Structures are given as structure tokens and as C-alpha cells.
Amino acid sequence: MTAPLILYSTNTWLSFVIAQRFYGAQHYVWCTPYFDPRRDGADESAVPPTSSPLEIYRSLAEEVRRGDRHSSKIKDNRVGILRGASAKRQAGIITEQQEAQIASVVNLAESRDFRPLLFVIPYTAAATLLREPPPEDKAHPMSAEFVADALPRTCFDVIDLGDVR
Amino acid sequence: MTQPIVPTAVKNTKSDSLADVTYFVVRVLRNALRNYPATPVSTEPEPVVRQAVEAAVQEIEEREGAAIPKLGNERLAEYIGALEHNLRSSLESHDLVDPAESVALLDDLRSESL
């Protein structure tokens, strides 16, 4: 596979601001070169539509628009943020009190705080920080997916697309 | 249908690993919601966490009498909700944070630009 130009990732506003404030603007990012595999002409390395950045963005935006604080996508994201805080505390990046602060903020957060943001990542800026996830973690064993465990904010742009339908 | 029960393997997890175990069980359920063709447990976590995740997934499947991808979206979402609630409840027990400070912190975060 030739190196992609751009990688895309959908994340929530809350996870973004927590990483900015508590983790030294280092972000955990799961990304793919295919924003919308249906438009890109799906091949064997494209991610399934249900896990594409566009579809994740669209479905999360819809649940946020409905004000559904109890949506499974929001609950999934809460678990991810809490797990991230636990890992950062165990790594000595944040204190136990900061972990508790993050948990408290996650508890207080409203559905709008989980609105999606699109990360647009130039591949060359992130290449040395990327790893391939284990095959069993991918949407499809052949799909092109990358993980950055600590991607600096300076390596990507953030776009709020609003209510995409 | 009965309410989903948090698997014993998750309930019995030590507090330091609870977020990890919950995250990887939820990931299996989330991947099924996204229609992944297969939803194996990740090999990423350390062995003790992975064993707990595998036991939790097995417990859910035995209780439901179906493999995770066959549970249906509503049931998958219910299990994600039960696991998320269990994790958040476990974190509420400590008193390291002043609730008023947390409200102020969230307001402050909301005032930041991208």
C-alpha cells in the first residue's frame, strides 16, 4: 500500500478538550485514510461504512442533536475517556486527583459535550507516531487503520462539521 | 427481557484494572454494533485483563444463549449501558473532588476554542 496523504478520525469534543488540558495536548487517535469509503470506491483496504469516520461522525451528531445523553455511543465514549484517564494516571502523566476530576467532569457532561469533531491528519506529520492495530481490533483484517497513542495537537487539524446528514 | 447484568468477571476486577476490563468488553460489544464481521477480544491488554475480558464475554454469551454479534443492537446497547454505569459508579466512591470545582472546570473547558 502506498503511503496515504491524509488520515481521518472522528472523536468527541469532550475527549479532545480533556487531552488538551490534562495530557499535554497529546491525543489518542484511531484513524484511516478513508473518510467515506463509499465515495472513495471501496477496495479491500477500505473500512466498512459503519466504522468510517463519516458514519461515526454522522451517527454521533444525530444522537447529540436528539439530546440523547444515554445513547450507547456516548456511553462508549465515556468508558473510553475513563479508561484513558486510568492509563494516564498509571503512567504517571496525571495524578489520582486529576483522574478523579476527569471522572467527575465525564459524569457532569451533557450530550452536547460529546459532539463529534473530525481530526484531519497529514500522514507525513504523523507517520513516525503511528502503529497498526492488531488484526482482531480492525473493522476488517485488511482494512487500512492506524493508531497514534500520543499524537501532538500540532500534527493535525480539527474540524467541527456541525450537524452532518 | 431481563435487564443485562454486569458479568461477574467485571464485578470481581480490582479497581486498578476495572477501566481497562470495561473498555475492552465494551469494545467487543461496540464492534458488534458497528457490524464488524467478527468481534474477537483484543490482544492489546495485558494477560490478566484479557482473561477477565474473555470471561466476561463468555458469561454474556452463555447468559444470552447467543454469540455477541447475534445479540441485536438493542441488547448490545443495554450491556454497554450496564457496564458504563458500573464503571462510573465505582469511580464515585472517592471524595478527591469538590463537585462545585468540577462544574467550574467543565464550564472552563467549554469556553476554550478548538
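Since we're looking at a predicted model, the values are computed, not measured. Residue numbers start from 1 in every chain, and the chains themselves are labelled A, B, ... in the order their sequence lines are given, proteins ahead of strands.
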K.L.:
Between A/Gln97 (side chain only) and B/Leu96 (backbone N and O only), is there a donor and an acceptor less than 3.5 Å apart?
P.N.:
yes
K.L.:
With side chain to side chain contact (heavy atoms under 4.5 Å, CB included) as the test, pick out the partner of B/Leu91 among A/Leu82, A/Ile102, A/Asn107, A/Val106.
P.N.:
A/Leu82
K.L.:
With a 4.5 angstrom heavy-atom cut-off, is it the side chain or the backbone of B/Arg110 that approaches chain A, or both, or neither?
P.N.:
both
K.L.:
Using non-hydrogen atoms and a 4.5 Å limit, figure out which bit of B/Asp16 sits close to chain A: side chain, backbone, both or neither.
P.N.:
both
K.L.:
Test salt bridge (Lys or Arg N to Asp or Glu O under 4.0 Å) on B/Asp108 and A/Arg21; report intermediate values, then the result.
P.N.:
CA-CA 10 Å; B/Asp108 188 42; A/Arg21 177 68 63 94; 2.8 Å; yes
K.L.:
Where on B/Val41 is there a heavy atom nearer than 4.5 Å to chain A: the side chain, the backbone, both, or neither?
P.N.:
backbone
K.L.:
Output yes when B/Arg27 and A/Asp137 qualify as a salt bridge under the 4.0 Å nitrogen-oxygen rule, no when they do not.
P.N.:
yes
K.L.:
With a 4.5 angstrom heavy-atom cut-off, could you sort out which part of B/Tyr79 is near chain A: side chain, backbone, both or neither?
P.N.:
neither
K.L.:
Less than 4.5 Å to any heavy atom of chain B: does that hold for the side chain of A/Lys73, its backbone, both, or neither?
P.N.:
neither
K.L.:
Determine, step by step, whether A/Lys138 and B/Glu44 satisfy the salt bridge (Lys or Arg N to Asp or Glu O under 4.0 Å) criterion, reporting the C-alpha distance in whole Å, the side-chain angles of both residues, the deciding distance to 0.1 Å, and the verdict.
P.N.:
CA-CA 12 Å; A/Lys138 292 180 168 187; B/Glu44 202 175 280; over 6 Å; no
K.L.:
Charged N to carboxylate O below 4.0 Å: is that the case for A/Arg83 and B/Glu84?
P.N.:
no
K.L.:
Using the side chain to side chain donor-acceptor pair (under 3.5 Å) rule, take A/Gln101 and B/Ser102 through it: C-alpha gap first, then chi angles, then the decisive distance, then the call.
P.N.:
CA-CA 6 Å; A/Gln101 279 182 322; B/Ser102 299; over 6 Å; no
K.L.:
Quick one, A/Glu55 with B/Arg34, criterion salt bridge (Lys or Arg N to Asp or Glu O under 4.0 Å). Give me CA distance, side-chain angles, the key distance, then yes/no.
P.N.:
CA-CA 10 Å; A/Glu55 190 50 40; B/Arg34 289 183 181 174; over 6 Å; no
K.L.:
Which atoms of B/Ala77 are under 4.5 Å from chain A, going by heavy atoms: the side chain, the backbone, both sets, or neither?
P.N.:
both
K.L.:
Which atoms of B/Leu33 are under 4.5 Å from chain A, going by heavy atoms: the side chain, the backbone, both sets, or neither?
P.N.:
side chain
